[in-house]
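Take a look at the structure below.
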Amino acid sequence: MEKIKIVIAGARGRMGSEAVKLVEDTEHFTLVAVVDHKYNGMSLKDISGFEVDVPIYSDIEQCFFETNPDVLIDLTTPEIGKIHTKKALENGVRPVVGTTGFSESDLAELEELTTQNGIGAIIAPNFAIGAILMMKFSQMAAKYFSDVEIIEQHHDQKLDAPSGTGLKTAEMISAVREEKQQGHPNEKEILAGARGANFKGIRLHSVRLPGLIAHQEVLFGGDGQTLKIRHDSYNRASFMSGVKLAVENVMKIDLLVYGLENIIE
Ligand code: NAP
(Lines give C-alpha, C1' and ligand atoms only; values in the text may rest on other atoms or scores of the structure.)
Protein backbone atom coordinates (compact mmCIF):
# COMPACT_ATOMS: atom_id res chain seq x y z
CA MET A 1 0.00 0.00 0.00
CA GLU A 2 1.38 3.38 -0.96
CA LYS A 3 1.88 5.71 1.99
CA ILE A 4 -0.21 8.87 2.28
CA LYS A 5 2.20 11.85 2.20
CA ILE A 6 1.26 14.42 4.85
CA VAL A 7 2.18 18.00 5.74
CA ILE A 8 1.15 19.34 9.16
CA ALA A 9 0.57 23.04 9.83
CA GLY A 10 0.70 23.96 13.52
CA ALA A 11 2.94 20.99 14.44
CA ARG A 12 4.35 22.68 17.56
CA GLY A 13 0.86 23.25 19.02
CA ARG A 14 -1.09 21.07 21.48
CA MET A 15 -3.11 19.38 18.73
CA GLY A 16 -0.36 19.52 16.09
CA SER A 17 2.23 17.73 18.23
CA GLU A 18 -0.27 14.90 18.79
CA ALA A 19 -0.84 14.80 15.03
CA VAL A 20 2.92 14.44 14.44
CA LYS A 21 2.87 11.38 16.78
CA LEU A 22 -0.17 9.97 14.97
CA VAL A 23 1.48 10.26 11.55
CA GLU A 24 4.75 8.77 12.87
CA ASP A 25 2.88 5.85 14.47
CA THR A 26 0.69 5.04 11.45
CA GLU A 27 2.31 2.67 9.00
CA HIS A 28 0.52 3.94 5.89
CA PHE A 29 1.13 7.65 6.70
CA THR A 30 4.38 9.53 6.16
CA LEU A 31 5.23 13.06 7.31
CA VAL A 32 7.01 14.95 4.51
CA ALA A 33 7.18 18.47 5.99
CA VAL A 34 5.63 20.91 8.45
CA VAL A 35 4.42 24.47 7.90
CA ASP A 36 5.28 26.96 10.62
CA HIS A 37 5.54 30.75 10.75
CA LYS A 38 8.78 30.26 12.73
CA TYR A 39 11.97 28.19 12.11
CA ASN A 40 11.83 28.31 8.29
CA GLY A 41 14.56 26.14 6.72
CA MET A 42 15.26 24.16 9.91
CA SER A 43 14.37 20.53 10.57
CA LEU A 44 11.57 19.56 12.96
CA LYS A 45 14.08 17.45 14.90
CA ASP A 46 15.89 20.70 15.86
CA ILE A 47 12.81 21.72 17.86
CA SER A 48 12.69 20.42 21.42
CA GLY A 49 10.28 17.50 21.84
CA PHE A 50 10.50 16.25 18.23
CA GLU A 51 12.72 13.54 16.73
CA VAL A 52 11.48 13.38 13.15
CA ASP A 53 13.77 14.83 10.51
CA VAL A 54 11.48 16.75 8.10
CA PRO A 55 11.88 20.28 6.74
CA ILE A 56 10.03 23.30 8.17
CA TYR A 57 8.57 25.74 5.65
CA SER A 58 7.04 29.15 6.31
CA ASP A 59 5.84 29.42 2.71
CA ILE A 60 3.10 26.83 2.29
CA GLU A 61 3.14 26.96 -1.53
CA GLN A 62 6.90 26.34 -1.64
CA CYS A 63 6.30 23.45 0.77
CA PHE A 64 3.66 21.92 -1.52
CA PHE A 65 5.85 22.45 -4.60
CA GLU A 66 8.96 20.87 -3.07
CA THR A 67 7.41 18.00 -1.08
CA ASN A 68 4.36 17.11 -3.21
CA PRO A 69 2.07 15.95 -0.35
CA ASP A 70 -1.32 14.24 -0.66
CA VAL A 71 -2.84 15.77 2.49
CA LEU A 72 -2.47 18.91 4.61
CA ILE A 73 -3.50 18.57 8.28
CA ASP A 74 -4.19 22.07 9.60
CA LEU A 75 -4.30 22.71 13.36
CA THR A 76 -3.51 26.43 13.60
CA THR A 77 -5.82 29.43 14.01
CA PRO A 78 -9.03 30.38 12.14
CA GLU A 79 -7.43 33.11 9.98
CA ILE A 80 -4.36 31.08 9.03
CA GLY A 81 -6.30 27.83 8.71
CA LYS A 82 -8.57 29.37 6.12
CA ILE A 83 -5.64 30.64 4.02
CA HIS A 84 -3.87 27.26 4.28
CA THR A 85 -7.02 25.37 3.25
CA LYS A 86 -7.50 27.59 0.18
CA LYS A 87 -3.86 27.22 -0.86
CA ALA A 88 -4.02 23.45 -0.39
CA LEU A 89 -7.08 23.16 -2.64
CA GLU A 90 -5.52 25.43 -5.27
CA ASN A 91 -2.39 23.25 -5.26
CA GLY A 92 -4.16 19.87 -5.46
CA VAL A 93 -3.48 18.97 -1.79
CA ARG A 94 -6.41 17.53 0.21
CA PRO A 95 -7.03 19.48 3.44
CA VAL A 96 -8.01 17.85 6.76
CA VAL A 97 -8.82 20.78 9.01
CA GLY A 98 -9.30 20.63 12.77
CA THR A 99 -8.88 24.36 13.22
CA THR A 100 -12.15 25.79 14.55
CA GLY A 101 -13.89 29.09 13.92
CA PHE A 102 -14.74 28.95 10.20
CA SER A 103 -17.82 31.01 9.31
CA GLU A 104 -20.62 29.86 7.00
CA SER A 105 -19.28 32.12 4.23
CA ASP A 106 -15.76 30.66 4.69
CA LEU A 107 -17.22 27.18 4.29
CA ALA A 108 -19.21 28.20 1.21
CA GLU A 109 -16.06 29.65 -0.39
CA LEU A 110 -14.04 26.50 0.39
CA GLU A 111 -16.82 24.27 -0.93
CA GLU A 112 -16.71 26.20 -4.19
CA LEU A 113 -12.93 25.64 -4.37
CA THR A 114 -13.26 21.87 -3.83
CA THR A 115 -15.72 21.74 -6.72
CA GLN A 116 -13.49 23.88 -8.97
CA ASN A 117 -10.42 21.76 -8.22
CA GLY A 118 -12.19 18.38 -8.07
CA ILE A 119 -10.56 17.23 -4.82
CA GLY A 120 -11.90 16.45 -1.36
CA ALA A 121 -11.58 18.34 1.92
CA ILE A 122 -12.69 17.50 5.47
CA ILE A 123 -13.26 20.19 8.08
CA ALA A 124 -14.15 18.80 11.50
CA PRO A 125 -14.66 21.02 14.56
CA ASN A 126 -14.64 17.88 16.75
CA PHE A 127 -12.38 14.94 15.89
CA ALA A 128 -13.27 12.86 18.98
CA ILE A 129 -15.18 9.88 17.59
CA GLY A 130 -16.84 9.32 20.98
CA ALA A 131 -18.22 12.88 20.88
CA ILE A 132 -19.65 12.31 17.40
CA LEU A 133 -21.30 9.08 18.59
CA MET A 134 -22.66 10.90 21.65
CA MET A 135 -24.38 13.38 19.30
CA LYS A 136 -25.73 10.62 17.07
CA PHE A 137 -26.98 8.51 20.02
CA SER A 138 -28.61 11.63 21.51
CA GLN A 139 -30.44 12.24 18.25
CA MET A 140 -31.69 8.63 18.32
CA ALA A 141 -32.82 8.94 21.94
CA ALA A 142 -34.62 12.24 21.28
CA LYS A 143 -37.16 10.43 19.10
CA TYR A 144 -38.39 8.69 22.26
CA PHE A 145 -37.55 11.29 24.95
CA SER A 146 -38.59 14.82 24.08
CA ASP A 147 -37.40 16.32 27.41
CA VAL A 148 -33.65 16.89 27.31
CA GLU A 149 -30.99 19.11 28.85
CA ILE A 150 -27.36 19.38 27.72
CA ILE A 151 -24.54 20.01 30.20
CA GLU A 152 -21.18 20.71 28.57
CA GLN A 153 -17.99 21.18 30.62
CA HIS A 154 -14.68 22.66 29.40
CA HIS A 155 -11.38 24.07 30.64
CA ASP A 156 -11.57 27.66 31.88
CA GLN A 157 -9.53 29.08 28.96
CA LYS A 158 -12.34 28.39 26.49
CA LEU A 159 -13.73 31.64 25.10
CA ASP A 160 -17.04 30.57 23.54
CA ALA A 161 -20.14 29.30 25.33
CA PRO A 162 -21.99 27.13 24.67
CA SER A 163 -19.40 24.90 22.97
CA GLY A 164 -19.72 24.13 19.26
CA THR A 165 -20.42 20.50 20.17
CA GLY A 166 -23.15 21.50 22.65
CA LEU A 167 -24.84 23.67 20.07
CA LYS A 168 -24.47 21.05 17.35
CA THR A 169 -26.03 18.44 19.68
CA ALA A 170 -29.01 20.75 20.28
CA GLU A 171 -29.38 21.29 16.52
CA MET A 172 -29.26 17.54 15.80
CA ILE A 173 -31.84 16.83 18.53
CA SER A 174 -34.15 19.62 17.39
CA ALA A 175 -34.09 18.15 13.85
CA VAL A 176 -36.06 15.13 15.16
CA ARG A 177 -37.93 16.69 18.11
CA GLU A 178 -40.94 18.98 17.96
CA GLU A 179 -40.14 22.32 19.58
CA LYS A 180 -41.53 22.35 23.12
CA GLN A 181 -41.29 24.33 26.33
CA GLN A 182 -39.70 22.18 29.05
CA GLY A 183 -40.21 22.39 32.81
CA HIS A 184 -43.17 24.02 34.59
CA PRO A 185 -44.99 26.56 32.39
CA ASN A 186 -44.83 29.09 35.25
CA GLU A 187 -41.22 28.50 36.31
CA LYS A 188 -39.25 31.65 37.24
CA GLU A 189 -35.52 32.17 37.44
CA ILE A 190 -34.63 33.66 40.83
CA LEU A 191 -31.08 34.17 39.50
CA ALA A 192 -30.76 35.03 35.78
CA GLY A 193 -29.31 32.12 33.78
CA ALA A 194 -30.21 29.47 36.37
CA ARG A 195 -32.04 27.41 33.73
CA GLY A 196 -29.25 27.76 31.14
CA ALA A 197 -29.48 28.86 27.52
CA ASN A 198 -32.59 28.03 25.53
CA PHE A 199 -32.26 26.43 22.07
CA LYS A 200 -35.79 25.74 20.76
CA GLY A 201 -36.84 24.72 24.28
CA ILE A 202 -33.72 22.59 24.92
CA ARG A 203 -31.71 23.85 27.91
CA LEU A 204 -27.94 24.10 27.50
CA HIS A 205 -25.63 24.56 30.51
CA SER A 206 -21.92 25.49 30.21
CA VAL A 207 -19.50 24.66 33.04
CA ARG A 208 -15.96 26.19 32.94
CA LEU A 209 -13.33 24.93 35.38
CA PRO A 210 -9.56 24.41 35.44
CA GLY A 211 -8.68 20.72 35.24
CA LEU A 212 -11.38 19.93 32.68
CA ILE A 213 -10.62 19.31 28.97
CA ALA A 214 -13.90 18.67 27.04
CA HIS A 215 -16.89 16.81 28.46
CA GLN A 216 -20.61 16.65 27.73
CA GLU A 217 -23.63 14.92 29.19
CA VAL A 218 -26.98 14.77 27.43
CA LEU A 219 -29.68 14.10 29.99
CA PHE A 220 -33.10 12.80 28.91
CA GLY A 221 -36.12 12.45 31.22
CA GLY A 222 -39.33 10.45 30.80
CA ASP A 223 -42.00 8.96 33.09
CA GLY A 224 -40.12 7.24 35.94
CA GLN A 225 -36.80 7.10 34.06
CA THR A 226 -33.79 9.11 32.92
CA LEU A 227 -31.16 8.37 30.30
CA LYS A 228 -27.68 9.92 30.34
CA ILE A 229 -25.34 9.91 27.35
CA ARG A 230 -21.89 11.17 28.28
CA HIS A 231 -18.57 11.74 26.55
CA ASP A 232 -15.25 12.79 28.10
CA SER A 233 -12.05 13.89 26.35
CA TYR A 234 -9.27 13.59 28.94
CA ASN A 235 -6.45 14.70 26.63
CA ARG A 236 -5.78 15.77 23.05
CA ALA A 237 -4.86 12.24 22.00
CA SER A 238 -8.63 11.61 22.15
CA PHE A 239 -8.98 13.57 18.90
CA MET A 240 -6.40 11.61 16.91
CA SER A 241 -8.43 8.54 15.85
CA GLY A 242 -10.77 11.05 14.16
CA VAL A 243 -7.84 12.76 12.42
CA LYS A 244 -6.69 9.34 11.14
CA LEU A 245 -10.16 8.52 9.87
CA ALA A 246 -10.41 11.91 8.17
CA VAL A 247 -7.02 11.53 6.41
CA GLU A 248 -8.02 8.09 5.12
CA ASN A 249 -11.42 9.34 3.95
CA VAL A 250 -10.27 12.58 2.35
CA MET A 251 -8.28 10.49 -0.16
CA LYS A 252 -11.54 8.93 -1.43
CA ILE A 253 -13.80 11.96 -1.83
CA ASP A 254 -14.05 14.90 -4.20
CA LEU A 255 -16.24 17.26 -2.19
CA LEU A 256 -16.15 19.26 1.05
CA VAL A 257 -17.32 17.34 4.12
CA TYR A 258 -18.05 19.47 7.20
CA GLY A 259 -18.27 17.45 10.41
CA LEU A 260 -16.95 13.97 11.10
CA GLU A 261 -20.51 12.73 11.72
CA ASN A 262 -20.91 12.77 7.92
CA ILE A 263 -18.24 10.11 7.40
CA ILE A 264 -19.11 7.87 10.36
CA GLU A 265 -21.90 5.43 9.53
P1 NAP B 1 -2.14 25.80 19.86
O2 NAP B 1 -1.53 24.91 20.88
O3 NAP B 1 -2.14 27.29 20.08
O4 NAP B 1 -1.43 25.50 18.45
C5 NAP B 1 -1.55 26.29 17.29
C6 NAP B 1 -0.22 26.23 16.56
O7 NAP B 1 -0.34 26.89 15.31
C8 NAP B 1 0.93 26.89 17.34
O9 NAP B 1 2.06 26.07 17.31
C10 NAP B 1 1.15 28.18 16.54
O11 NAP B 1 2.47 28.66 16.66
C12 NAP B 1 0.87 27.68 15.15
N13 NAP B 1 0.67 28.73 14.17
C14 NAP B 1 0.20 29.99 14.34
N15 NAP B 1 0.24 30.66 13.18
C16 NAP B 1 0.79 29.83 12.26
C17 NAP B 1 1.12 29.95 10.88
N18 NAP B 1 0.94 31.11 10.21
N19 NAP B 1 1.64 28.87 10.25
C20 NAP B 1 1.85 27.73 10.90
N21 NAP B 1 1.59 27.56 12.21
C22 NAP B 1 1.06 28.60 12.88
O23 NAP B 1 -3.65 25.40 19.61
P24 NAP B 1 -4.32 23.94 19.72
O25 NAP B 1 -4.94 23.76 21.06
O26 NAP B 1 -3.35 22.92 19.20
O27 NAP B 1 -5.52 24.11 18.70
C28 NAP B 1 -5.30 24.34 17.32
C29 NAP B 1 -6.65 24.48 16.63
O30 NAP B 1 -7.37 23.23 16.75
C31 NAP B 1 -7.58 25.53 17.27
O32 NAP B 1 -8.32 26.16 16.26
C33 NAP B 1 -8.50 24.70 18.18
O34 NAP B 1 -9.75 25.32 18.39
C35 NAP B 1 -8.64 23.46 17.32
N36 NAP B 1 -9.07 22.24 18.04
C37 NAP B 1 -9.79 21.37 17.29
C38 NAP B 1 -10.20 20.17 17.84
C39 NAP B 1 -10.97 19.21 16.97
O40 NAP B 1 -11.35 18.14 17.45
N41 NAP B 1 -11.22 19.57 15.72
C42 NAP B 1 -9.86 19.85 19.16
C43 NAP B 1 -9.09 20.75 19.89
C44 NAP B 1 -8.68 21.95 19.31
P45 NAP B 1 2.79 29.84 17.75
O46 NAP B 1 2.47 29.24 19.08
O47 NAP B 1 4.24 30.14 17.56
O48 NAP B 1 1.90 30.99 17.41
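We're numbering straight along the sequence, starting at 1. Start at 1 and go down the list; that is how both ligands and their atoms are numbered.
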Which residue supplies the protein heavy atom nearest to [atom], what is that atom called, and how far is it?
| atom | answer |
| --- | --- |
| atom 48 (O) of ligand 1 | H37 NE2, 3.2 Å |
| atom 32 (O) of ligand 1 | T100 N, 3.1 Å |
| atom 40 (O) of ligand 1 | F127 N, 2.7 Å |
| atom 30 (O) of ligand 1 | G98 O, 3.8 Å |
| atom 5 (C) of ligand 1 | L75 O, 3.7 Å |
| atom 9 (O) of ligand 1 | G13 N, 3.2 Å |

Rounded to the nearest 0.5 Å, how far does CD1 of I8 lie from CG of L31? 5.0 Å
Classify the side-chain pair E66/Y57 by whether it contains a donor and acceptor separated by less than 3.5 Å. yes
Measuring only between side-chain heavy atoms, which start at C-beta, is [X] closer than 4.5 Å to [Y]?
| X | Y | answer |
| --- | --- | --- |
| Y234 | L212 | no |
| Q139 | R177 | no |
| L72 | I60 | yes |
| M135 | H231 | no |
| I253 | I122 | yes |
| I202 | I173 | yes |

Working note: E109 + K86, criterion salt bridge (Lys or Arg N to Asp or Glu O under 4.0 Å); need CA distance, chi angles, decisive distance, verdict. CA-CA 9 Å; E109 194 184 334; K86 279 175 76 171; 2.9 Å; yes
As a check for students: among [options], identify the option with a heavy atom nearest to [atom].
| atom | options | result |
| --- | --- | --- |
| atom 41 (N) of ligand 1 | G16, A124, G10 | A124 |
| atom 38 (C) of ligand 1 | M15, Q157, R14 | M15 |
| atom 17 (C) of ligand 1 | I80, I132, T76 | I80 |
| atom 39 (C) of ligand 1 | A128, P125, P78, G242 | P125 |

Check this for me - ligand 1, R12, N or O atoms closer than 3.5 angstrom, yes or no? yes
For ligand 1, which is the ligand I care about here, please tell me if K38 has any N or O atom under 3.5 Å from one of the ligand's N or O atoms. yes
Quick check on contacts: which atoms of ligand 1 are under 4.0 angstrom from a heavy atom of V35? 20 (C), 21 (N)
